[in-house]
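Working notes for the structure below.
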Protein chains: 2
Amino acid sequence: MPQKPSIPKGTRDFSPTEVAKRNHIIQTIKRNFECYGFQPIETPSFENSETLMGKYGDEGDRLIFKILNSGDFISKVDDVTYSSKNSASLTPKISEKALRYDLTVPFARYVVMHQNEIDFPFKRYQIQPVWRADRPQKGRFREFYQCDADVVGAKSLLQEIEFVQLYDAVFSDLGLVGTTIKLNNRKVLSGIAEVIGAQHLLIDFTVALDKLDKIGEEGVKNEMLAKGISENAIAKAAPLFSMNGSNLEKLEQLKTLLVTSEIGMAGVAELQRIVSQISQLGLTSAKMDIDVTLARGLNYYTGAIFEVSAPDGVKMGSIGGGGRYDDLTGIFGLKDVSGVGISFGLDRIYLVMEELGLFPESLERSIEVLCINFGDDESIQSLKLVGSLRASGIKAEVYPSAAKMQKQMKYANNRDIPFVVLIGKQELDNGTFIVKNMESGAQETYQFNNPDIFIKKLGA
Amino acid sequence: MPQKPSIPKGTRDFSPTEVAKRNHIIQTIKRNFECYGFQPIETPSFENSETLMGKYGDEGDRLIFKILNSGDFISKVDDVTYSSKNSASLTPKISEKALRYDLTVPFARYVVMHQNEIDFPFKRYQIQPVWRADRPQKGRFREFYQCDADVVGAKSLLQEIEFVQLYDAVFSDLGLVGTTIKLNNRKVLSGIAEVIGAQHLLIDFTVALDKLDKIGEEGVKNEMLAKGISENAIAKAAPLFSMNGSNLEKLEQLKTLLVTSEIGMAGVAELQRIVSQISQLGLTSAKMDIDVTLARGLNYYTGAIFEVSAPDGVKMGSIGGGGRYDDLTGIFGLKDVSGVGISFGLDRIYLVMEELGLFPESLERSIEVLCINFGDDESIQSLKLVGSLRASGIKAEVYPSAAKMQKQMKYANNRDIPFVVLIGKQELDNGTFIVKNMESGAQETYQFNNPDIFIKKLGA
């Protein structure tokens, strides 16, 4: 009894059309990464467990896929551990490797291992799958791609400015007009916590503030209260909830609020420089928006924080995000290497583009010319023609067998092939081929010895 | 104490130059796959264990990387199994998923699961990593890419003919001149076993014959004897050891030998058709060679067998291989689907191209233009220029900080950047920029408002 096949939950097969659409996004990101001077690296799909474990918090450790040791792995477990029958203590004894959980920790590991080969500042990009044993749900998978660009070893704000331009360039190239690049700065958040007297509760404060979109002003205030932030402190933070106007106006409001905080004013100055330079350079299709509620729940950011939201009207979480983190490689022993990076959310960008109908129709067209197969003698002639077409970069094929005409034409229709070539006995004899335009139904005859006229028509 | 980082044995980090070279090969393969009408699919990195186990023999089962179940996996193991402390019986209780071992079995699974969405004949390609817990050695890794193209649902020899052309096209495009596409047919091997009276020992016979290159005629004969093939049978097979001449001459010798075997003559007829059509179509840089010793140790081939060897003088195993297999999807319940496919050995092709110096120099060049950073005011002007360059597809960047001139020039040298742009205070004032050709040392001045003259010079 043969198996009825299935795939693990949270994973996906990608059909030719899906691969073409995903590659369209990936290639656009990649082309821009390269134009911006980023270089690709690739790291192994699995790392030594100690490289990954402890880097993502307890929840992250649980979600890391562990790989079972090969061979007679059980014989290497000591009896005391084995008799405990405890998953947590057994795991490190029977598993030494784990699947990549993100691209940031492997990148830090790469930088430390290859520091002597790298010319700093190092601008690297990496587009590879990662794996998380998360509960699968709509838009969340156990295997998914991350598309990251980071600069390490450069503290200048030029990086932040370039990342804003890069987001704009990629989304413009994808036709995704109207994205908003939200910008904040960890120093501003620290400054706010300072001036309201809640430094010691900075994390709770920012986590709560980050939810303003979802739970509203009252919700945020209640959560802050619950976390032990005083009413008085919350009252002082009131301007944050009503901050509005242009970026320059928001900066003025922040300056008023943060005037007594050195770190806060440093953050404002950074935001100001980015806003000013971006307004001089201009953006193609995105707008940039200072958003002091943006925290991304990530405690390792030390400067700029980015997040990109889809065009208005599309319900979707962020389609990109990133920021500056001052000690990327410290966990592996290389101190004082500042990093700043951004990430593109491939799956969400895909869903947004699908919803807005932004994928070029040509992506669904995997073949431009199909030669009907009339038998061995005719098909060799078709193969010759197809050879010329392919040499000009045209995707062309001969139907694999001399099946019934109807079947071959149906295949051409199903695959949405725009041109069908007919070389039957008569054409073979008089050295011609017939091209049928599948859309208009029109037929044209060409000389076999001069396929270039047809090739030119295809625009190749 | 920070960890000294390392990566699992048998895995690799790829530097920017290595990624560029690998992508050069992959893109060449991909472009040709698509011109030949193959469509890309992607399957998950891990499959349900039952999809993979038992498909590659006992040795294969051992080499499959298993993924540990998440959560409290041990609590789900029954006491009897647990108390046995036996790795083999414990594995299926604590691991339900496994990393992809090749692309063929996942493809078969894909075809069966998606049979109602597929327009047969289905020409698919797949370029993805696979994982094997093999002992790592020179040129053998635990994570490596496979590049496969297969056609399912078509029995015509047109496929075989196209695959020979496809090999020739890819290797010609890569500049890998002088490869040999070796061709055999399982039916010929069956025919030989039949006429010498060793049908029941066909596998042993072909496995021994396959070693002719390595262990010579005497070695092969000794192995055959050891496997129980009679002296008489071996004597009858003698013509195989001295087969020579052109493909047509080899075919004549085979016809003489196999005249009494129906299956053998069917194999000869298939070879003959391929040889005849390829000679009419011509090959660009490869030669095709009938090799009756070719068996590839793979028992699932039922018709054509392919193997590609590197140009003479390069010591390297096969750089590609494939063949026809009549029942690809039967294991998953879909009968009578004939398949034929080929594979490209990425890592070996890489090594051969490196040895022969075939990678274009431009691959090592990740940036074409670097703007020296003289400070905030000047760098914004540089960013504007870089914006125009990038919009024309030129890889350009501004040095991330206003470091010392010497440091910035050293960076340009290390990264082999051909053009350095200087916009200092003076250039800013008079609206110009200076371009220094790093090879010749020559400097030219351009008007800032008209960067197109420089862009044209770059050939963009």
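From a predicted model like this one, the values you see are computed outputs, not experimental measurements. Throughout, protein chains are lettered first and strands after them, A, B, ... in sequence-line order, and every chain is numbered starting at 1.
- With a threshold of 4.5 angstrom between heavy atoms, B/E96 does not approach chain A through any atom at all.
- Using a 4.5 Å cut-off between heavy atoms, B/L99 touches chain A through its side chain atoms alone.
- Atom CG of B/L389 sits about 9.5 Å away from atom SG of A/C35, to the nearest 0.5 Å.
- Looking at B/R109, the atoms closer than 4.5 Å to chain A (heavy atoms on both sides) sit in the backbone and in the side chain alike.
- Between the A/K85 side chain and the B/D79 main chain, no donor and acceptor come within less than 3.5 Å of each other.
- Annotation: the span from A/R100 atom CZ to B/S45 atom OG amounts to 8.5 Å, rounded to 0.5 Å.
- Taking 4.5 Å as the limit, every side-chain heavy atom of A/E117 sits out of range of all side-chain heavy atoms of B/T17.
- Of the possible polar contacts, none joining the B/Y399 side chain to the A/P121 backbone as a donor-acceptor pair under 3.5 Å is found.
- Proximity of a side-chain donor or acceptor of A/S87 to a complementary backbone N or O of B/F73 within less than 3.5 Å is detected.
- For a residue to count as touching a neighbouring chain, one of its non-hydrogen atoms must lie under 4.5 Å from one of that chain's; by this rule B/E162 touches chain A with the side chain only.
- Expressed to the nearest 0.5 Å, how far CE of B/M113 lies from OG of A/S6 amounts to 6.5 Å.
- Only the side chain of B/N373 comes within contact range of chain A, with heavy atoms under 4.5 Å apart.
- You'll find the side chain of B/Q159 reaches within 4.5 Å of the side chain of A/P400, heavy atoms only.
- B/E397 places none of its side-chain heavy atoms less than 4.5 Å from the side chain of A/V151.
- Looking at heavy atoms from C-beta onward, B/P16 lies in side-chain contact with A/F122 at the 4.5 angstrom threshold.
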